[in-house]
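Input: a single structure, listed below in structure tokens.
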Amino acid sequence: MGDDRALVHGVPEAEPPLIARPAPLADSYNDRIRPLLDAVDKLRNLNVMKEGIPLPTIVVVGDQSSGKSSVLESLAGINLPRGQGICTRVPLIMRLQDNPHADRPELYLEFNGKVVHTKEDNISVAINDATDEIAGHGKGISNAPLTLVVKKDGVPDLTMVDLPGITRVPVHGQPEDIYERISEMIMEYIRPEESIILNVLSATVDFSTCESIRMSQMVDKTGKRTLAVVTKGDKAPEGLLEKVTADDVNIGLGYVCVRNRIGDESYGEARLEEAKLFETHPLMCKIDKSIVGVPVLAQKLTQIQATIMAKCLPEIIKKINDKLKANVAELKKLPKNLSSVAEAMTAFMQILGSAKESLRKILLRGEFDEYPEEKNMHCTARLMEMLNRYSDELQNCAENDLRTNFLLEELEVLEEAKGIGLPNFLPRTAFLTLLQRKVRAISSKPPSFVARVWEYIEGVVIRVLMRHSENYPQLQSSTRRAASGLINKMKEKAMDRMMEIVEMEKLADYTCNPEYMLEWNSLMSQQNIFMEAINNVSKPSYIVLNGIGEVDVENLRHRKQHIQEAFDLKMRITTYWKIVLRRFVDSMALHLLFSVQNLVSNDMEKEIVGELIGPNGSGGIERMLEEASSVAAKRDKLNRSIKLLRDSAAE
């Protein structure tokens with residue numbers, strides 16, 4: 001076909017229309033579609049896609065030297081840049097508009113916020129100059145688009161995006177990663193479901209080996225939005241019919257075979273030669289006439305474009321309105337610019353008040369509607385779980401100690417605590433010695449729990465304060481410092497309180513809990529069974545005691561002195577230790593609730609206010625008058641986005 005063998009500078013004024021004038025029905029069809037196409041083109045010019053709103057687009061892709069440029073030239077009737085290597089270095093948005101009543105064609109380029117008018121015989125130079133301005137001189141590429149508007153008699157009403165041809169091997173002057181950069185650009189354009197992929201294939205190659213086919217199949221596996229244009233059929237007519245009818249590469253929208261112009265042919269002459277080729281060539285004449293010729297391609301593209309626009313436009317309008325509402329709502333959430341210390345103080349107290357209410361909800365009342373999906377912020381439940389784990393840790397220590405070397409420790413303590421006195425009295429020293437040993441064994445548990453629970457509370461409080469002050473970053477460091485300092489003091493106070501309780505439990509053995517006597521009596525009721533097992537060596541050495549479990553008495557059969565006193569002492573300490581452990585948990589829970597209540601209701605506000613506006617404060621209130629750069633940037637971005645979306649909605 002020789003797409004790239006010659007250039008024609010300009011089209012004779014007397015040349016007939018590029019594509020035959022449509023029938024009246026098609027005229028009516030174009031009249032209905034033109035407003036939709038204009039609306040989408042205006043949205044494209046407004047860059048609405050930057051807001052994440054994809055537009056229906058015909059994206060032209062093809063391997064290098066596939067004849068892609070020649071196909072676009074045939075549709076537009078103009079000369080595009082040619083040369084070695086990549087000619088298209090930026091996304092070229094081609095807007096073709098049929099203009100049968102104009103005296104002469106109108107062509108202009110839009111890029112970098114300006115409009116450059118040009119003539120047909122200068123269009124290649126103008127595109128090259130604009131490309132150099134966008135992508136720089138040389139052979140690099142850029143994602144910034146260049147729009148070419150062609151208003152001309154006989155062109156189809158189409159908007160297409162021409163992308164660089166795919167090349168794997170960089171030529172001199174091209175970046176080493178040229179393939180990756182072109183692939184990334186192509187994928188960005190063909191990935192949206194709203195895109196129609198116009199895949200230009202050369203008849204001289206195996207379609208399944210084409211990079212452009214591989215890429216389109218990655219995003220359109222069934223080919224439902226891919227149309228293939230086959231060029232250079234006159235170079236490889238053998239097997240072309242089978243290629244386009246077998247469809248081994250899933251082209252859902254079908255194939256169109258075209259012949260591009262050769263040498264110094266005019267575009268009108270090229271269309272006549274194309275028709276003649278598909279009528280008279282012994283092989284190519286067998287291809288169905290409904291899939292051959294540039295006019296057929298133009299008609300198919302126009303119909304596909306109309307269908308996709310009619311389908312997508314209502315959803316696009318909805319997305320624009322939804323995005324506009326969301327941005328306006330987000331802008332309203334931003335803090336207003338503060339102009340006085342009084343305004344800053346009001347804003348600060350509102351932040352503090354809302355943070356306190358959030359903490360009351362999650363730390364005191366157990367409400368978690370503000371953080372429904374973040375279980376770590378469901379604080380009353382998490383604190384209860386931590387308290388239960390603390391209780392389990394204490395109980396596990398007691399249970400492990402209960403059946404190991406049964407009565408041996410009690411016997412040893414009784415031996416060392418004996419004195420001059422009546423033999424049937426238990427020495428209080430023995431009981432206190434056992435009690436103090438048990439308290440010392442678990443003395444690391446309460447401070448460990450205090451550290452864990454206050455570390456968790458600190459994380460929650462800081463998280464809430466940062467969320468409520470996020471619009472005033474200049475407040476956050478002072479607020480964080482004040483809250484952390486306060487919680488550290490409360491943690492130290494809780495630690496001191498727990499260590500006092502530990503020391504008190506070592507000091508005295510007292511309870512008014514009636515369960516002590518009830519359980520001790522219940523345990524002591526098994527003493528006769530226990531003594532019988534010791535005295536009767538013919539019985540098994542293992543017995544089960546209610547409230548204790550299975551114990552081995554073999555070692556006790558040879559140490560019968562003080563056995564009954566040791567048994568009594570064991571039952572007393574076992575019963576009393578349960579009460580002690582319960583006091584450890586209960587006192588911790590009450591002190592925790594009391595401390596958190598004070599933290600939220602009083603202490604936190606005093607500490608933060610003192611940090612910001614007290615005699616030794618950091619001056620945070622005055623800093624609120626200076627809008628943070630991050631907030632200013634966000635406000636500016638939202639304002640620009642809202643303007644763009646409002647302009648888009650107006651279209």
Side-chain angles (χ1 to χ4, degrees), residues 385 387-418 423-446 448-449 502 505-506 509-511 513-586 588:
E385 288 171 357
L387 200 63
N388 287 340
R389 283 196 296 271
Y390 169 59
S391 175
D392 291 342
E393 288 175 11
L394 296 178
Q395 293 294 339
N396 289 337
C397 288
E399 289 175 7
N400 291 337
D401 186 51
L402 202 58
R403 296 184 297 274
T404 306
N405 298 322
F406 188 67
L407 293 191
L408 293 184
E409 185 180 19
E410 285 76 12
L411 287 168
E412 177 258 321
V413 169
L414 284 170
E415 182 69 24
E416 296 305 314
K418 65 187 178 183
N424 61 343
F425 280 89
L426 283 177
R428 185 166 179 264
T429 306
F431 186 88
L432 287 176
T433 300
L434 290 174
L435 177 63
Q436 289 166 4
R437 287 181 182 180
K438 284 181 172 292
V439 172
R440 279 195 295 271
I442 58 94
S443 61
S444 64
K445 301 294 182 184
S448 174
F449 173 74
V502 168
E505 294 294 354
K506 289 181 187 177
D509 50 340
Y510 171 76
T511 181
N513 192 332
E515 289 183 12
Y516 171 74
M517 289 303 297
L518 290 173
E519 186 162 353
W520 175 73
N521 284 326
S522 174
L523 291 173
M524 288 300 293
S525 67
Q526 303 175 89
Q527 188 175 33
N528 291 337
I529 299 173
F530 175 74
M531 293 304 298
E532 185 180 347
I534 288 179
N535 293 325
N536 192 343
V537 294
S538 64
K539 285 192 173 184
S541 63
Y542 284 92
I543 65 169
V544 176
L545 298 175
N546 293 331
I548 302 293
E550 186 179 63
V551 298
D552 184 7
V553 300
E554 181 66 33
N555 292 331
L556 301 177
R557 287 172 173 171
H558 309 294
R559 300 181 58 177
K560 296 182 181 180
Q561 189 177 6
H562 300 307
I563 287 290
Q564 292 191 12
E565 292 91 335
F567 185 86
D568 187 358
L569 183 58
K570 182 72 170 181
M571 298 308 118
R572 289 175 187 274
I573 196 70
T574 298
T575 304
Y576 183 67
W577 186 240
K578 290 180 182 178
I579 294 171
V580 171
L581 293 181
R582 200 172 301 140
R583 281 202 296 247
F584 273 128
V585 177
D586 290 348
M588 180 71 78

Could [X] and [Y] be called an ion pair, given the rule that one side-chain N must be under 4.0 Å from one carboxylate O?
| X | Y | answer |
| --- | --- | --- |
| Lys418 | Glu565 | no |
| Arg437 | Glu412 | yes |
| Asp509 | Arg428 | yes |

Contact between [X] and [Y] at the side-chain level, heavy atoms closer than 4.5 Å - yes or no?
| X | Y | answer |
| --- | --- | --- |
| Glu550 | Ile543 | no |
| Tyr390 | Pro446 | yes |
| Tyr516 | Lys578 | no |
| Val413 | Thr429 | no |
| Glu505 | Leu435 | no |
| Ile442 | Trp577 | yes |
| Leu387 | Met588 | yes |
| Phe567 | Met524 | yes |

Using every non-hydrogen atom in the two residues, find where [X] and [Y] come nearest and quote the distance to one decimal.
| X | Y | value |
| --- | --- | --- |
| Leu523 | Gly547 | CD2-CA, 4.2 Å |
| Ser443 | Val502 | CB-CG1, 4.1 Å |
| Asp552 | Ser541 | OD1-OG, 3.2 Å |
| Ala566 | Leu407 | O-CD2, 3.6 Å |
| Lys539 | Arg557 | O-NH2, 2.9 Å |
| Gln436 | Lys506 | NE2-O, 3.2 Å |

When rounded to the nearest 0.5 angstrom, what distance separates [atom1] in [X] from [atom2] in [Y]?
| X | Y | atom1 | atom2 | value |
| --- | --- | --- | --- | --- |
| Asn513 | Arg583 | CG | CZ | 9.0 Å |
| Thr575 | Glu519 | OG1 | CD | 4.5 Å |
| Thr574 | Leu434 | OG1 | CG | 9.5 Å |
| Glu393 | Asn388 | CD | CG | 11.5 Å |
| Ile563 | Gln527 | CD1 | CD | 10.5 Å |
| His562 | Leu569 | NE2 | CG | 12.0 Å |

Is a side-chain donor or acceptor of [X] paired with a backbone partner of [Y] at a separation under 3.5 angstrom?
| X | Y | result |
| --- | --- | --- |
| Asn535 | Met531 | yes |
| Arg559 | Leu411 | no |
| Gln526 | Asn546 | yes |

**Report entry** Mutual orientation of the aromatic rings belonging to Phe530 and Phe406 [parallel < 30°, tilted 30-60°, perpendicular > 60°]
**Finding:** perpendicular

Query raised in the report: Is the Phe431-Tyr576 ring centre distance short of 6.0 angstrom?
Result: yes

Query - Any side-chain donor near an acceptor of the partner, Asn536 and Ser538, under 3.5 Å - result: yes

Query - Crowding at CD, Glu515 (>12 non-hydrogen neighbours, <6.0 Å) - result: no

